[in-house]
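Here the structure comes first, spelled out in structure tokens, and everything after it is commentary.
Not measured: the values here are computed from a predicted model. Because only heavy atoms are used, hydrogens play no part in the values below, and waters and symmetry mates are left out as well, while side chains stay in.
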Amino acid sequence: MNTFSAKSSEPIAVPATVVIVSHDEQTHAAPDRLKDASIKILGPGAMEFAIAPPNETLADLMAAIRVEIGDAFDVYVRPTYAARKKLLICDMDSTVIGQECIDELADYAGIKDQISEITERAMRGELDFEAALTERVGLLKGLSETALQQCFDERITLNPGIKTLTATMKANGGRCLLVSGGFTFFTSRVAEVAGFDENYANTLLMDGSALSGEVGMPILGRQAKLDRLNEAVEKLGISSADVVSMGDGANDMSMIEAAGLGVGYHPHPILVEAADAVIKGPSLATALYFQGIPKSDWVVVPD
């Protein structure tokens, strides 16, 4: 990972910033470990602490703070100078939206339990993503295009805070990309309602007005997500340190590791180890606090 990473194995020798966000948006007492730090209130239940060089790794410092404050908070520790980002790149399923689209489609085909089990194993990193996707799409052969639209209309919901996150990033000159191992049928629609500038995903192939059981090649998976990140970095003339990436599963690991701020949103255990910070609270907009952006500067868009 880059030198800004909370997973760095080297002690940090520059001033650091600790961001703590309570899940209930209530103000809490500062942890004992940070009692001598200067405090800035970022928003309801969100505090930023400025500390001297801690002479320990960011990961060790973050772990110590988590032990002290418990599980009702999201925590991020970073070098003070590594703050606002210029590119947001997000996974879609179970990150930007609360569902796995392929599992919901499977419900319309009457095989949700069968496909959900494969999805879960793939997100835990137990299966090859491309093989697992090909197998699941094959099981959906014959599902009508009407069912896809019905699935989007009836089942797909945005997770809290995503509209505020994208609107605020763009108001600060940032670019927002939705990059999914799912399907363009859904990413194109989700990107529009959630405020993303671009979207990338896999293509479900049709046989007339029904799914053929095949997916367009090449399949967009873990490496392709990283490729989209690198391409955007080069196009924008920025560095990977200027990126915040967000995801929940094994397929997101490479782009999480590459970003200056890699965030796991309710992540599977395999992604927790790769992420710089984890959001266990409800709102994706917590990533704005991690960048030191106070709520007073947010472009708040209702969920």
Discussion item. Looking only at the side chains, is there a donor atom on one of T187 and S180 sitting less than 3.5 Å from an acceptor on the other?
Written reply: no
Worksheet item: Linking I/L/V/M/F/W/Y whenever any side-chain heavy atoms sit under 4.5 Å apart, do V96 and L177 land together?
Response: no
Worksheet item: Does the side chain of T119 pick up a donor-acceptor pair with the side chain of E100 at under 3.5 Å?
Response: no
Worksheet item: Roughly how far, to the nearest 0.5 Å, is OG1 of T57 from CE of M62?
Response: 9.0 Å
Discussion item. Using only atom types and a distance under 3.5 Å, with no angle test, would you say the side chain of K85 pairs donor to acceptor with the backbone of G174?
Written reply: no
Fill in: Steps toward side chain to side chain contact (heavy atoms under 4.5 Å, CB included) verdict (R228, L220)
CA-CA 10 Å; R228 298 294 89 73; L220 191 154; 4.2 Å; yes
Item to complete: Check the pair L284, V263 against side chain to side chain contact (heavy atoms under 4.5 Å, CB included), reporting the backbone distance first and the verdict last.
Response: CA-CA 10 Å; L284 288 157; V263 179; over 6 Å; no
Discussion item. Using side-chain heavy atoms (C-beta onward) and a distance below 4.5 Å, is V215 in contact with T203?
Written reply: no
Response to the item:
Distance col, row L105:CG vs Q150:CD, nearest 0.5 angstrom, shows 10.5 Å
Worksheet item: With a cut-off of 6.0 Å (strictly less than), are more than 12 heavy atoms of other residues, nucleotides or ligands near CD of E192?
Response: no
Worksheet, complete the sentence: Sequence neighbours excluded, the answer for side chain to side chain contact (heavy atoms under 4.5 Å, CB included) partners of K141 is none
Discussion item. Any heavy-atom pair between the side chains of I219 and M217 that's under 4.5 Å?
Written reply: yes
Item to complete: Using the test side chain to side chain contact (heavy atoms under 4.5 Å, CB included), find all partners of A131 that sit at least two apart in sequence or belong to another chain.
Response: D128
Worksheet item: Do any N or O atoms from the side chain of S94 and from the backbone of G98 form a donor-acceptor pair under 3.5 angstrom?
Response: no
Worksheet, complete the sentence: In this structure, CD of E257 is separated from OG of S245 (nearest 0.5 Å) by 9.5 Å
Worksheet item: Taking atom types as modelled and ignoring hydrogens, do the side chains of S188 and N199 form a donor-acceptor contact shorter than 3.5 angstrom?
Response: no
Under 3.5 Å, sequence neighbours excluded: what are the donor-acceptor pairs made by side chains of residues 206-213?
residue, atom, partner, partner atom, Å
S212, OG, L205, O, 3.2
S212, OG, E214, N, 3.3

Discussion item. Testing the 3.5 Å rule here: is there a donor-acceptor pair between the side chains of Y289 and Q291?
Written reply: no
Discussion item. Taking F186 as the starting point, is it possible to reach F129 by hopping between hydrophobic residues whose side chains are less than 4.5 Å apart?
Written reply: yes
Discussion item. Nearest 0.5 Å, please: how far is CZ in R78 from CZ in F290?
Written reply: 10.5 Å
Practice prompt. Taking all non-hydrogen atoms of both residues into account, name the closest pair between P54 and A16 and its distance.
Written response: CD-CB, 4.3 Å
Worksheet, complete the sentence: S283 meets the side chain to side chain contact (heavy atoms under 4.5 Å, CB included) criterion, sequence neighbours left out, with A285, T286
Discussion item. When you measure from the side chain of N159 to the backbone of I97, do you find a donor-acceptor pair of N or O atoms at a distance under 3.5 Å?
Written reply: yes
Discussion item. To check you understand the geometry: which heavy-atom pair defines the closest contact between M92 and C101, and what is its length?
Written reply: CE-SG, 3.9 Å
Fill in: Close side-chain approach of V179 to C90, heavy-atom, < 4.5 Å
no
Discussion item. Please determine whether side chain to side chain contact (heavy atoms under 4.5 Å, CB included) holds for the pair L158 and V190, giving the CA-CA distance in whole Å, both sets of side-chain angles, and the decisive distance to 0.1 Å.
Written reply: CA-CA 8 Å; L158 297 180; V190 170; 4.0 Å; yes
Fill in: Interatomic distance, L165 atom CG to I162 atom CD1 [nearest 0.5 angstrom]
4.5 Å
Practice prompt. Using atom types as modelled and distance alone, determine if a side-chain donor or acceptor of K86 lies under 3.5 Å from a backbone N or O of V233.
Written response: no
Discussion item. Could you check whether R155 makes a cation-pi contact with F152, meaning its NZ or CZ is under 6.0 Å from the centre of the six-membered ring and within 45° of the ring axis?
Written reply: no
Item to complete: Give the minimum heavy-atom separation between D74 and H23, together with the two atoms involved.
Response: OD1-NE2, 3.0 Å
Practice prompt. Ignoring hydrogens and angles, state whether a donor on the side chain of N230 or E234 is under 3.5 Å from an acceptor on the partner side chain.
Written response: no
Discussion item. Quick one, V14 and Y81 - any side-chain contact, counting heavy atoms below 4.5 Å?
Written reply: yes
Item to complete: List the steps, then state whether side chain to side chain contact (heavy atoms under 4.5 Å, CB included) holds for S254 with I256.
Response: CA-CA 5 Å; S254 293; I256 292 290; over 6 Å; no
Which atom pairs, one a donor and one an acceptor, fall under 3.5 Å between side chains of residues 295-303 and the rest of the protein, sequence neighbours left out?
residue, atom, partner, partner atom, Å
W298, NE1, I293, O, 3.0
W298, NE1, P294, O, 3.3
D303, OD1, G161, N, 2.8

Discussion item. With clusters defined by side-chain heavy atoms of hydrophobic residues (ILVMFWY) lying less than 4.5 Å apart, directly or transitively, does L133 cluster with F185?
Written reply: yes
Worksheet item: Under the 3.5 angstrom rule, does the side chain of H266 hit a backbone N or O of G281 as a donor-acceptor pair?
Response: yes
Practice prompt. Answer yes if the side chains of Y108 and E154 hold a donor-acceptor pair under 3.5 Å, and no otherwise.
Written response: yes
Worksheet item: What distance separates L139 CG from Q114 CD, expressed to the nearest 0.5 Å?
Response: 5.0 Å
Practice prompt. Kindly determine whether D91 and K225 satisfy salt bridge (charged side-chain N to carboxylate O under 4.0 Å, His left out), including the steps that lead there.
Written response: CA-CA 9 Å; D91 170 52; K225 289 188 175 187; 3.0 Å; yes
Worksheet entry | Closest non-hydrogen atom pair, D276 against A259 | OD2-O, 3.9 Å
Worksheet item: Using 4.0 Å as the upper bound for N to carboxylate O, is an ion pair formed by K112 and E117?
Response: no
Item to complete: Give a yes or no on whether D113 atom CG has more than 12 heavy-atom contacts from other residues, nucleotides or ligands under 6.0 Å away.
Response: no
Practice prompt. Measure across L178 and A191 and return the closest heavy-atom pair with its distance rounded to 0.1 Å.
Written response: CD2-N, 3.9 Å
Can you give me every donor-acceptor pair (side chain of residues 33-42, partner residue at least two apart or in another chain, under 3.5 Å) with its distance?
residue, atom, partner, partner atom, Å
R33, NH2, E56, OE1, 3.2
R33, NH2, E56, OE2, 2.1

Practice prompt. Please check if M169 and I238 belong to a single hydrophobic cluster, counting links between Ile, Leu, Val, Met, Phe, Trp and Tyr side chain heavy atoms closer than 4.5 Å.
Written response: no
Worksheet entry | Common cluster, L261/L288, ILVMFWY with side-chain heavy-atom separation under 4.5 Å | yes
Item to complete: Would you indicate whether the side-chain heavy atoms of R175 and L88 approach each other to under 4.5 Å?
Response: no
Worksheet item: Yes or no on salt bridge (charged side-chain N to carboxylate O under 4.0 Å, His left out) for E231 and K235, after CA distance, side-chain angles and deciding distance?
Response: CA-CA 6 Å; E231 289 166 3; K235 181 179 179 180; over 6 Å; no
Worksheet, complete the sentence: When every non-hydrogen atom of I115 is compared with those of R136, the smallest separation belongs to CD1-O, 3.7 Å
Practice prompt. Output yes when a side-chain donor or acceptor of D248 lies under 3.5 Å from a complementary backbone atom of T95, and no otherwise.
Written response: no
Fill in: Side chain to side chain, Q149 and R189, heavy atoms closer than 4.5 Å
yes
Worksheet item: So, do S239 and D242 sit near enough that their side-chain heavy atoms are less than 4.5 Å apart?
Response: yes
Worksheet item: Hey, does the side chain of H268 reach the backbone of R124 with a donor-acceptor pair shorter than 3.5 angstrom?
Response: no
Practice prompt. Evaluate the side-chain proximity of I102 to F183: yes if any heavy-atom separation is below 4.5 Å, no if none is.
Written response: yes
Worksheet item: Would you say the side chains of Q99 and T157 form a donor-acceptor pair under 3.5 Å?
Response: yes
